[in-house]
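Notes follow once the structure below has been shown.
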Protein chains: 2
Amino acid sequence: MDAMQKRSATIQDVARQARVGVGTVSRVLNGHPNVTQATREQVLQVIADLGYRPKSAAVTLRTRQTREIGLITDEIATTPFAFDLIRGAQDEAWAHQSILVLINTSGNPDLLNAALDQMYDRQVQGVLYAAMFHQPVNLPDRFRELPAVLVDCYSEDRSLPSVVPNEIQGGQDAVATLLQHGHQRIGFINYTTGQPAVVGRLEGYRRALAAAGVAYDPTLVVQADIASDAVYRTTIRLMQQPNRPTALFCFNDRTAMWAYDALRDLGLRVPEEVAVIGFDNQELLAANLRPPLTTMQLPHYEMGRWAVHHLIAGNPQPSLTAPQVQLDCPLVWRASV
Amino acid sequence: MDAMQKRSATIQDVARQARVGVGTVSRVLNGHPNVTQATREQVLQVIADLGYRPKSAAVTLRTRQTREIGLITDEIATTPFAFDLIRGAQDEAWAHQSILVLINTSGNPDLLNAALDQMYDRQVQGVLYAAMFHQPVNLPDRFRELPAVLVDCYSEDRSLPSVVPNEIQGGQDAVATLLQHGHQRIGFINYTTGQPAVVGRLEGYRRALAAAGVAYDPTLVVQADIASDAVYRTTIRLMQQPNRPTALFCFNDRTAMWAYDALRDLGLRVPEEVAVIGFDNQELLAANLRPPLTTMQLPHYEMGRWAVHHLIAGNPQPSLTAPQVQLDCPLVWRASV
DNA sequence: TTGTATATTGGAATCGATTCCAAACAAGTT
DNA sequence: AACTTGTTTGGAATCGATTCCAATATACAA
């Protein structure tokens with residue numbers, strides 16, 4: 001009507017124009033019973049006419065509930081999967097009419113505290129804490145005062161629910177795939193730290209061999225710094241052994257990238273002479289290598305979804321039996337096996 | 001005191017315990033003048049004791065202002081720079097005590113509309129709209145009804161403020177660098193579309209040559225699909241021409257990755273026999289190639305910062321003279337030149 | 001001392017929703 | 001007709017902050 005509709009409509013405006021009380025409008029809005037079809041439609045009509053939408057601040061004030069979820073990330077920036085995790089979380093949140101609120105703490109404890117303050121002030125439904133790679137973390141106790149789920153990390157004492165990749169299954173499936181393709185001597189270029197991915201994937205490697213009745217040969221398992229000449233040199237050495245492997249399981253795609261280089265320099269063709277399988281499925285790398293790299297995918301999207309789902313649907317009491325979930329890493333077929 | 005402090009403290013609690021009026025507490029909270037040092041300290045003390053923090057819902061309801069900024073992304077997921085942009089935006093927002101609220105629309109117009117609804121309901125200070133690569137976009141008119149800034153994209157009619165990479169400068173500096181290293185015949189492996197990056201970088205290429213007094217040779221400029229055999233074959237062809245270039249400027253790092261392969265297969269060493277420079281600075285690729293790739297960095301972090309800064313500090317009126325900012329792409333030195 | 005100007009303070013009104021209670025209404029029984 | 005019972009409805013109270021106005025305290029000048 002009037003071109004100058006400065007302030008947006010309130011529930012009062014709707015009530016007045018529909019000639020009903022505010023209570024009735026609220027009932028329509030929230031789908032309560034005990035409203036006759038006639039008045040419901042009438043109110044709905046006015047709502048549409050006015051383009052009325054409830055302001056979330058008022059709703060929150062009254063109900064003490066927000067439709068938002070905090071996502072606190074620790075330096076996740078540097079890893080390219082970050083966004084899959086965020087996407088998974090946001091898709092699931094969206095499905096519950098909720099929205100993500102983001103804070104990156106850059107590994108700074110003060111920022112982490114400030115982030116938690118923010119989350120309290122906003123009365124979020126809960127928070128996710130995501131690490132940049134699968135690892136144990138030590139978080140302030142305040143995390144136990146609101147619903148929280150850890151993603152790609154876990155608290156040492158297991159008191160908080162967490163969701164992480166199933167490293168063992170990933171390693172096992174990777175190696176099983178190689179075994180199925182007739183490889184018996186399978187090299188494993190692992191990373192040097194003791195992080196869960198390192199020990200888990202090794203365990204998977206061993207289990208796959210055991211399941212296939214192939215003896216574990218320690219000379220086929222080496223460790224090297226990722227994405228450095230160390231991988232290159234280690235690969236060369238590994239491939240020049242008398243019992244040279246016919247396949248390589250690489251700790252991750254970056255490792256595989258350097259292994260590729262070594263193999264090329266040795267004149268060994270992938271996959272004809274050596275099969276290679278990676279881990280992480282970093283599209284950018286894996287899909288662009290020649291030949292494209294077969295690899296295990298980290299379930300970042302699914303972890304994000306699971307975490308939000310658990311936050312909203314799960315019971316948020318900080319019990320001692322907080323679920324510690326592991327999600328499988330599926331195989332992504334390309335051309336290196 | 002009491003172990004059962006169920007409901008968190010309100011401003012009323014603070015006022016009561018400090019034996020002052022709520023108005024006084026509010027004045028202390030918001031740093032207003034006209035409060036004696038004594039009462040201020042007294043109030044501050046009680047606030048600290050109670051661990052009181054204002055609930056943002058109540059503040060927003062009263063002041064009609066939030067401390068949050070919406071970030072709407074279009075399918076940005078697939079690109080690894082996404083997070084730099086987010087980080088830049090969040091760092092700047094944080095500096096203004098604001099927080100980012102995230103929605104990814106996956107390129108779905110309905111979702112985009114729903115996202116805007118959310119932003120309205122939450123009364124955000126403004127929104128950023130980020131595309132996954134530098135491009136013109138066509139956005140619904142609703143974007144003009146609240147403060148908005150476009151990042152890595154721009155509206156055709158230039159009615160909304162935007163910030164994008166300076167493609168021309170990037171191309172020019174890349175080529176100038178090669179020229180400075182004594183290269184005269186510089187091949188340019190461009191992409192096939194008409195997007196701003198393609199035309200901008202070509203323009204930069206020409207300007208650099210012109211500035212150095214080197215004639216433009218169209219046989220040195222080719223186009224190919226990114227990250228495919230097309231780049232490989234094109235590079236082979238380019239390098240087998242009689243006037244073979246001594247340096248290559250690649251449209252992006254993925255292109256450079258495939259060019260590397262072609263050069264290797266031709267037995268040409270980088271950088272000794274052919275210098276290579278890329279674009280984008282995708283750490284994951286550029287830093288891990290052998291030799292590590294010298295490349296131009298896209299200013300995602302800075303674009304994120306600029307956008308938030310403009311939103312908060314800039315004048316948000318939707319004037320016809322919306323600023324269209326271009327940020328420089330700095331050179332990142334590695335070892336391929 | 002008294003009056004005026006200025007600095008501090010308390011507290012009611014307000015923002016815009018939900019929720020609860022009592023009033024109004026409808027339907028069914030005796 | 002009078003009385004239950006159950007369904008719809010209006011509107012006051014509430015959530016927790018800010019803001020404004022009037023009241024009080026203080027400082028300064030005459």
Side-chain angles (χ1 to χ4, degrees), chain A residues 5-44 46-47 50-68 97 117-118 120-125, chain B residues 5-44 46-47 50-68 97 117-118 120-125:
Chain A
Q5 44 135 179
K6 255 310 20 110
R7 197 178 263 64
S8 65
T10 77
I11 200 173
Q12 308 283 350
D13 300 333
V14 174
R16 196 174 319 119
Q17 184 147 341
R19 310 183 162 289
V20 298
V22 289
T24 302
V25 178
S26 179
R27 267 165 236 132
V28 170
L29 240 29
N30 298 77
H32 288 178
N34 296 351
V35 178
T36 59
Q37 188 62 13
T39 41
R40 179 184 308 282
E41 276 166 10
Q42 179 187 3
V43 169
L44 251 19
V46 174
I47 286 177
L50 261 43
Y52 165 76
R53 311 205 86 232
K55 272 170 195 56
S56 56
V59 175
T60 298
L61 179 57
R62 183 65 237 249
T63 64
R64 302 158 171 287
Q65 295 217 69
T66 45
R67 311 253 60 186
E68 51 192 58
Q97 287 88 254
D117 284 344
Q118 285 286 333
Y120 275 107
D121 299 350
R122 287 172 199 274
Q123 304 172 82
V124 297
Q125 298 170 77
Chain B
Q5 44 135 185
K6 245 339 343 130
R7 198 178 264 62
S8 65
T10 77
I11 200 174
Q12 307 282 351
D13 300 332
V14 175
R16 194 174 321 120
Q17 185 147 340
R19 310 181 163 290
V20 299
V22 290
T24 303
V25 178
S26 179
R27 268 166 235 131
V28 171
L29 242 28
N30 298 79
H32 288 178
N34 297 351
V35 178
T36 60
Q37 188 62 14
T39 41
R40 180 185 308 280
E41 277 166 10
Q42 178 186 5
V43 169
L44 250 19
V46 174
I47 287 178
L50 261 43
Y52 166 76
R53 312 203 84 234
K55 270 167 198 56
S56 55
V59 176
T60 299
L61 179 58
R62 182 65 236 247
T63 63
R64 302 158 173 290
Q65 294 217 71
T66 45
R67 311 253 61 185
E68 51 192 57
Q97 288 88 255
D117 284 344
Q118 285 286 334
Y120 274 107
D121 298 350
R122 288 171 199 275
Q123 304 172 84
V124 297
Q125 297 169 78

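Letters A, B, ... are given to chains in the order of the sequence lines, protein chains preceding strands, and every chain is numbered from 1.
Note on A:Ser26: a base of the nucleic acid sits closer than 4.0 angstrom, heavy atoms only. Within 4.0 Å of B:Thr39, counting heavy atoms only, lie sugar-phosphate atoms of the nucleic acid but no base atom. Using a 4.0 Å heavy-atom cutoff across all strands shown, B:Thr10 reaches sugar-phosphate atoms only and no base atom. Using a 4.0 Å heavy-atom criterion, one finds that A:Val22 contacts the bases of the nucleic acid, with or without backbone contacts as well. If you check every strand for non-hydrogen atoms under 4.0 Å, B:Arg40 touches nothing.
Rounded to the nearest 0.5 Å, atoms CZ (A:Arg40) and CG (A:Asn34) are 9.5 Å apart. The structure places OG1 of A:Thr36 at 9.0 Å from CD of A:Glu41, a figure rounded to the nearest 0.5 Å.
Annotation: side chain of B:Glu68 is not in contact with side chain of A:Gln118 (no heavy-atom distance under 4.5 Å). In this structure, the side chains of B:Leu29 and B:Ile47 come closer than 4.5 Å at one or more pairs of heavy atoms.
Axis angle, first five pairs versus last five pairs of the helix from C:dT1-D:dA30 to C:dT30-D:dA1: 60°, rounded to 10°.
Atom CD of B:Gln37 and atom P of C:dT8 are 11 Å apart (whole Å).
Across the interface with DNA chain C, nearest-nucleotide mapping of A:Leu61 and B:Gly23 shows B:Gly23 to be the residue nearer the 5′ end. Where B:Ala57 and B:Arg27 meet DNA chain D, the nucleotide closest to each residue was compared, and B:Ala57 sits on the side nearer the 5' end. Residue-to-nucleotide proximity on DNA chain D shows that, of A:Arg62 and B:Ala58, the 5′-proximal contact is made by A:Arg62.
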Let me have the donor-acceptor pairs involving side chains of residues 51-64 of chain A, under 3.5 Å, with sequence neighbours excluded, atom names and distances please.
{"from": "A:Arg53", "atom 1": "NH1", "to": "B:Asp121", "atom 2": "OD1", "distance (Å)": "2.9"}
{"from": "A:Arg53", "atom 1": "NH1", "to": "B:Asp121", "atom 2": "OD2", "distance (Å)": "2.4"}
{"from": "A:Lys55", "atom 1": "NZ", "to": "A:Ser8", "atom 2": "OG", "distance (Å)": "2.7"}
{"from": "A:Ser56", "atom 1": "OG", "to": "B:Asp121", "atom 2": "O", "distance (Å)": "3.1"}
{"from": "A:Thr60", "atom 1": "OG1", "to": "A:Ser56", "atom 2": "O", "distance (Å)": "2.9"}
{"from": "A:Thr60", "atom 1": "OG1", "to": "A:Gln65", "atom 2": "O", "distance (Å)": "3.3"}
{"from": "A:Thr63", "atom 1": "OG1", "to": "A:Val59", "atom 2": "O", "distance (Å)": "2.7"}
{"from": "A:Thr63", "atom 1": "OG1", "to": "A:Gln65", "atom 2": "N", "distance (Å)": "3.2"}

Can I get a per-line list of side-chain donor-acceptor pairs under 3.5 Å for residues 11-19 of chain B, giving both atom names and the distance, sequence neighbours left out?
{"from": "B:Asp13", "atom 1": "OD2", "to": "B:Thr10", "atom 2": "N", "distance (Å)": "2.8"}

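Regarding contacts with the backbone of C:dG10, a side-chain N or O of B:Thr24 is found under 4.0 angstrom from either OP1 or OP2.
Here the closest non-hydrogen pair linking A:Val35 and A:Val28 is CG1-CG2, 4.1 Å.
With a cutoff of under 4.0 Å to any heavy atom of chain B, the contacted region of DNA chain D is bounded 5' to 3' by D:dG16 to D:dC20.
Within residues 28-35 of chain B, the residues that place at least one heavy atom under 4.0 Å from DNA chain C are, in residue-number order, B:Asn34, B:Val35.
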Please tabulate the protein-to-nucleotide N/O contacts below 3.5 Å involving nucleotides 25-27 of chain C, giving atom names and distances.
none

